[in-house]
Amino acid sequence: MNWFWLLRMTQWARNPPSPARVKLVLAIIAICLGIYAVETWIGWPDWMSLDAERVPNRVLR
């Protein structure tokens with residue numbers, strides 16, 4: 001941990017975020033965990049995967 005993070009923590013302790021900001025961050029974390037759980041237990045759908053043979057190896061100019 002460096003000095004920058006310690007300064008940021010003191011600033012948050014003096015001026016805490018609003019309840020709406022805390023709810024927003026918690027909602028984003030919950031959505032990410034939900035996506036991870038679906039991907040882990042159910043699997044990734046085939047239509048969202050890239051086909052290796054259809055993707056070119058070079059950059060088109």
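Computed from a predicted model, the values in this text were never measured in an experiment. Computed from heavy atoms alone, side chains included, the values below leave out hydrogens, waters and symmetry copies.
- Residue I35 shares its hydrophobic cluster (ILVMFWY side chains chained together at separations under 4.5 Å) with I31.
- W3 and W5 fall within the same hydrophobic cluster, defined by Ile, Leu, Val, Met, Phe, Trp and Tyr side-chain heavy atoms under 4.5 Å apart, directly or through other members.
- Of the residues listed (L26, V25, L24), the one engaging V22 in a side-chain contact (heavy atoms from CB on, under 4.5 Å) is L26, and it is the only one.
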Result block: side-chain N/O donor-acceptor pairs under 3.5 angstrom for residues 7-21, not counting sequence neighbours:
from: T10; atom 1: OG1; to: L6; atom 2: O; distance (Å): 3.4
from: T10; atom 1: OG1; to: L7; atom 2: O; distance (Å): 2.7
from: S18; atom 1: OG; to: R21; atom 2: N; distance (Å): 3.3

